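In this chain, numbering begins with 1 at the start of the sequence shown. Predicted model only: the values in this text are computed from it and were never measured.
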Amino acid sequence: MNIVSKLFSGFFRLFYPKVCAVCGTDLVEGEEVFCISCLYNIPLTRFWNDKENTVAKIFWGRVNIEDACAYFFFAKGSKYRPLLHKLKYQGFKEIGFELGLQFGNVLKKSPLYSDIDFVVPVPLHPKKLRIRGYNQAEVIADGISKGLGTELSTTHLERTEFTETQTRKTRAERVKNVTEAFAVAKSDEIKGKHLLLVDDVVTTGATLEACAAKLLEIEGCRVSIAALAYATT
């Protein structure tokens, strides 16, 4: 950044300060989206180093994935819980990208995720995409792909049915709601590839299970799962 740019940036911050998405304090130069303290204190799961972690066990006996993990705990009462609401409903896409980038950086160091070929976000139906304006899972996946140094794919998995929201549904209801909601496109491009399927939050895993099942129909395809947050009580 040249001197003029630094002066302009400093002047802009003086009158329009950026604030931390968690605690609301003014960000200083070098901080983006989160202050250093809040970024340091994110309740990380560290599941990416454990093949038999709590998130992975959600899918045991349901779909034949390679590995699964989440970046941080989405606990009731946590000051980090509102982040997902801001990302999903209030247009704060930078939250998803920055956390995805941090997530990708740690996944890159894990041998369980060292051979990912494509990062694939859980897709939105075109109707819901028009309503919301963007897909929060794609924003997260974009950050993860940058951290991993791996290609982002938004063309290999499609949502073909407009389903009801999964909120407040039981696990059985969630599975039924999304069983035939997804389809694979350009299947030749992902034959024999290891795909990292990405969503914002994992609770029952029904949506991720339905997506993984479709992708696994492709010859030689392997699927791992990465959710930004793991919902706990």
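The CD1 atom of I225 lies 9.0 Å from the OH atom of Y113; values are rounded to the nearest 0.5 Å. The distance from atom CZ of F118 to atom CD of E151, rounded to the nearest 0.5 Å, is 4.5 Å. Between S153 atom OG and H156 atom NE2 the span is 4.5 Å, to the nearest 0.5 Å.
Looking at F47 and Y71, their side chains never come closer than 4.5 Å, going by heavy atoms from C-beta outward. With a 4.5 Å cut-off on side-chain heavy atoms, L195 and I116 do not count as touching. Residues F34 and V22 are in side-chain contact: their nearest non-hydrogen atoms beyond the backbone lie under 4.5 Å apart.
Applying the side chain to side chain donor-acceptor pair (under 3.5 Å) test to E217 and every residue at least two apart in sequence or in another chain returns nothing. Taking E66 as the reference, R222 meet the salt bridge (charged side-chain N to carboxylate O under 4.0 Å, His left out) condition, with sequence neighbours excluded.
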| said: Quick one, D50 with R46, criterion salt bridge (Lys or Arg N to Asp or Glu O under 4.0 Å). Give me CA distance, side-chain angles, the key distance, then yes/no. | reply: CA-CA 8 Å; D50 178 11; R46 304 190 188 281; over 6 Å; no

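Applying the 6.0 Å contact sphere to CG of N64 captures no more than 12 heavy atoms from other residues, nucleotides or ligands. In the displayed structure, E219 atom CD is contacted under 6.0 Å by at most 12 heavy atoms of other residues, nucleotides or ligands.
A pairwise comparison of heavy atoms in K93 and V139 identifies O-CG1, 3.1 Å as the closest pair. Heavy-atom minimum distance, P123 versus R159: O-CD, 3.4 Å.
Grouped with L129 in one hydrophobic cluster are L124, the linkage being side-chain heavy-atom contacts under 4.5 Å among Ile, Leu, Val, Met, Phe, Trp and Tyr residues.
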